[in-house]
Structure formats: C-alpha cells, structure tokens
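Okay, so here's the structure we're looking at.
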Amino acid sequence: MSRRRVGGRDVKTRDDRILAVNATGAENGWPVFLFHGTPGSRTGPLPRASVLYRRGILLISYDRPGYGRSTPQPGRRVADAAADVADIAQDLGLDRFSVVGRSGGGPHALACAALLPDMVHRAATLVGMAPHAPDLDFGAGMTDDNVAAFIPAADPDNSGISERLRWRANRTAADPNSLLDQLLTEMAPADRRVVQEAAIQRLLVDSYDEAVSQGPHGWIDDVLAMRRDWGFAVGDIRVPVYIWHGEQDNFAPPAHARWLARNIPGAVLELQSGRGHFAAMGVLPSVLTWLAGVDDRPHQEIPGEELSAAV
C-alpha cells in the first residue's frame, strides 16, 4: 500500500531544515509541484481539491525557505529549490513529477527542470521572470516597485531593498490587506478586473498573511536570489516547457516570457491578449492537465470559483 500523500506535513531536508508542505487532490494522481509567487505561501490560491481529483492531479505546494512555516535559508539561490524538491519527492515516495511556477515561483520551477532532468516530466512557468541578461531590458514596462526590488544597480550591497522588504513584511503581518491595497494601485486594468472579486482577494490576502507569519526572511531571500545569478542556465533545460504570459502584465512584463522562449530549447510560448499577471490563477488548472501529459497544449481558462485555499 502506498504511503499517505494528501494533507499537510513537515519535511526535513538533507541539511536539517524544515519545509512546510501541503498536498491536495488525487492521492495517487500525477504529482505536480506548484511554486508560489513572491511573496506567497503553500496556502494558495490553488484549484479546489475536487477540480484536481477530476483531473487526476496530486498538487504539491510548499513554503520556500523563510516563508510560512519553512526554516529560513539565508543566501539561498534559485537553484537551491531543486534540492528541496528532491527531498520532498523522496519523502512522498515520488520519482517522477512535473513542476509549475507562478510569478516569482517560475524561476524555481525552471531550476528543477534544469537540475532534475531525470525526475521532471514537464515544466511550466506562468507570468514568470527571466534572469538578468545583456539582451533583455529587464525593467522595461515593469512597475516602479518591482524595478526597485529586482534590479540591483541602484542598491549594489542589497541593504536598501532588504530594509524596505522588512518594513513591508512587518506592515503586511500587521494588516495583510495592506499589501493587496498597494498592489491594486499598480495593477493594469486587466488585473484589477480579476482581483476585484471578493473571493480572489480573500485567497490572496490569506496567502500573504501566511507568507510573512515568521517574518520577512522568505520575501527578502526570494528577491535577493532573483537579483543575482540563478545558479543554472535555462539553456540547459531539455524537458518540455510551456510558458504562459498575459500581454498586459506590468509586474513581470511579457518581454521576460519572450526571452525565456528564445533561450529554452523547444519551449512553447503563449501570450494572451487582454490578460495580465493575476490571470495566471485562472489558467493553472488546464496547465496542470498538460503537465500530467494528457493534453498536447493547455488552452482553457478556468473560472475563479474553482480556486480554493489549501486546507
């Protein structure tokens, strides 16, 4: 009999840290690791368990180090996510799985695709960022706040951005709605239409609240990891990769998706007009079906009411 996989668990890593993990959906379904955004947590937003069960998906989400209930890992690189995922997979008894990253989770999903080629079946990145590269105008079309966070030129020793994120994490912990309120002032109209729904706002706020529950460490280390070299080359990825992006995204502009598509061998890019950053929540269920190897290409957006926080 297989070990129980659905539910919450703490996984000890090879270097004795703790990762808070949640698995939901079909216990013996196709396993897919979902990497949350920046900031974010294992709690969501996620497709409802019934949606996952119907699609035959075991969805595994975890708090990256320093977020939620996971032990901080100062100085971590994007590439370090691969070792953490391998440890979780071993704990769950998995030797093959797929990966998908949303927003700041995208680079971490690509790390697994590059560094765990014998374990990763397919990979997807939804509204994800590209690494800093000479042929990418990284900040073009990006919100001023994200330019300040992710472009290191104006803050080479990282002290300014670390202090700023510490202040924002403390404010979010005191009032989780404050982060969403601030994001709403920066959103393109396409994103405001998505986030105006009360149910979506509740899922986002709950995730932000959990993200900073032990302080700013996860948020700071996520941003610093994406400011520096990722620790792997996306050109080394050999597994199938699907890239989805909204053309109105101003948090991670579509030029990032185009760069990834040019530099990941065989990657499939879908740019959707009239969509922004937060539309990735709606396309996730159909992307999960592709990640399981059922469809040749994901294509259908799923209504917001099929989203749910993890339990």
Side-chain angles (χ1 to χ4, degrees), residues 10-21 33-42 61-91 99 101-116 120 125 128-133 136 138-139 145-170 172-173 207-208 210-234 236-237 252 256:
D10 288 343
V11 173
K12 181 173 284 192
T13 65
R14 63 195 71 183
D15 57 351
D16 292 326
R17 289 177 291 106
I18 294 296
L19 297 172
V21 179
F33 281 84
L34 170 64
F35 295 82
H36 62 71
T38 302
S41 68
R42 72 192 185 286
S61 55
Y62 75 100
D63 295 331
R64 284 195 294 280
Y67 285 118
R69 293 192 293 103
S70 291
T71 308
Q73 186 185 14
R76 62 178 165 89
R77 302 176 305 163
V78 172
D80 293 333
D84 285 350
V85 166
D87 288 343
I88 297 170
Q90 182 178 33
D91 184 82
V99 294
R102 189 167 53 206
S103 187
H108 299 84
L110 295 177
C112 294
L115 301 174
L116 302 174
V120 173
T125 176
M129 285 186 177
H132 290 276
L136 173 65
F138 191 93
D145 195 65
N146 273 12
V147 167
F150 293 105
I151 297 181
D155 182 25
D157 66 356
N158 299 321
S159 59
I161 189 59
S162 296
E163 185 56 35
R164 182 179 181 187
L165 292 175
R166 189 180 307 278
W167 179 85
R168 291 184 66 183
N170 290 338
T172 301
S207 180
Y208 299 151
E210 179 65 14
V212 298
S213 60
Q214 65 169 316
H217 316 291
W219 198 350
I220 292 172
D221 292 338
D222 245 14
V223 169
L224 296 185
M226 285 186 278
R227 284 162 69 100
R228 63 172 73 100
D229 183 271
W230 287 3
F232 68 96
V234 299
D236 292 339
I237 297 173
H256 287 244

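Scored by the side chain to side chain donor-acceptor pair (under 3.5 Å) test, S207 finds S41 as partners (sequence neighbours excluded). With sequence neighbours excluded, no residue forms a side chain to side chain donor-acceptor pair (under 3.5 Å) with N146. Evaluation of the side chain to side chain donor-acceptor pair (under 3.5 Å) rule for T13 yields D15 as partners, not counting sequence neighbours. Residues meeting the ring-ring contact (aromatic ring centres under 6.0 Å, His included) test with F150, sequence neighbours left out: none. Under the side chain to side chain contact (heavy atoms under 4.5 Å, CB included) criterion, A130 pairs with L136, H256, W259, L260, not counting sequence neighbours. Residues that satisfy the side chain to side chain contact (heavy atoms under 4.5 Å, CB included) test with P107, not counting sequence neighbours, are V78, M226, W230. Considering only residues two or more places apart in sequence or on other chains, D10 meets the salt bridge (Lys or Arg N to Asp or Glu O under 4.0 Å) condition with R69. By the side chain to side chain contact (heavy atoms under 4.5 Å, CB included) test, P216 is found to be paired with R166, A169, I220, residues two or more places apart in sequence or in another chain being considered. D63 is linked by a salt bridge (Lys or Arg N to Asp or Glu O under 4.0 Å) to R42, counting only residues two or more places apart in sequence or in another chain. With sequence neighbours left out, the ring-ring contact (aromatic ring centres under 6.0 Å, His included) criterion links F35 to Y62. Under the side chain to side chain donor-acceptor pair (under 3.5 Å) criterion, R77 pairs with no residue at all, not counting sequence neighbours.
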For this session: Mind running side chain to side chain contact (heavy atoms under 4.5 Å, CB included) on H132 and D229 for me, showing each step along the way?
Result: CA-CA 8 Å; H132 290 276; D229 183 271; over 6 Å; no
Problem set entry | Pair I161-L224, side chain to side chain contact (heavy atoms under 4.5 Å, CB included): steps then yes or no | CA-CA 9 Å; I161 189 59; L224 296 185; 4.0 Å; yes
Exercise. Between D145 and R164, does a side chain to side chain contact (heavy atoms under 4.5 Å, CB included) hold up when you go through it step by step?
Worked result: CA-CA 11 Å; D145 195 65; R164 182 179 181 187; 2.3 Å; yes
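In plain terms, the two heavy atoms of G128 and A252 that are nearest each other are O-CB, 4.0 Å. Listed here is the closest heavy atom pair of A114 and I237: CB-CG1, 3.6 Å. Minimum heavy-atom separation, A111 to A82: O-CB, 4.2 Å. Contact between A86 and R14 at its shortest, heavy atoms only, is CB-NH2, 3.6 Å.
Within the 4.5 Å cutoff, no side-chain heavy atoms of P39 are placed close to those of D222. Between D84 and V11 the shortest side-chain heavy-atom distance does not fall below 4.5 Å.
Remark: side-chain polar atoms of R76 are paired, donor with acceptor, to backbone N or O of P65 under 3.5 angstrom. When atom types are taken as modelled, the side chain of R17 and the backbone of P72 share no donor-acceptor pair closer than 3.5 angstrom.
With rounding to the nearest 0.5 Å, the separation of OH in Y67 from OG1 in T38 is 4.5 Å. The distance from atom CZ of R168 to atom CG of N170, rounded to the nearest 0.5 Å, is 12.0 Å.
A salt bridge does not link D87 with K12: none of the charged nitrogens is closer than 4.0 Å to a carboxylate oxygen. Between D221 and R64 there is no salt bridge, since none of the side-chain N atoms of the basic residue sits less than 4.0 Å from a carboxylate O of the acidic one.
Each side chain to side chain donor-acceptor pair (under 3.5 Å) pair with one or both residues in residues 103-112, not counting sequence neighbours, appears once here: S103-H277.
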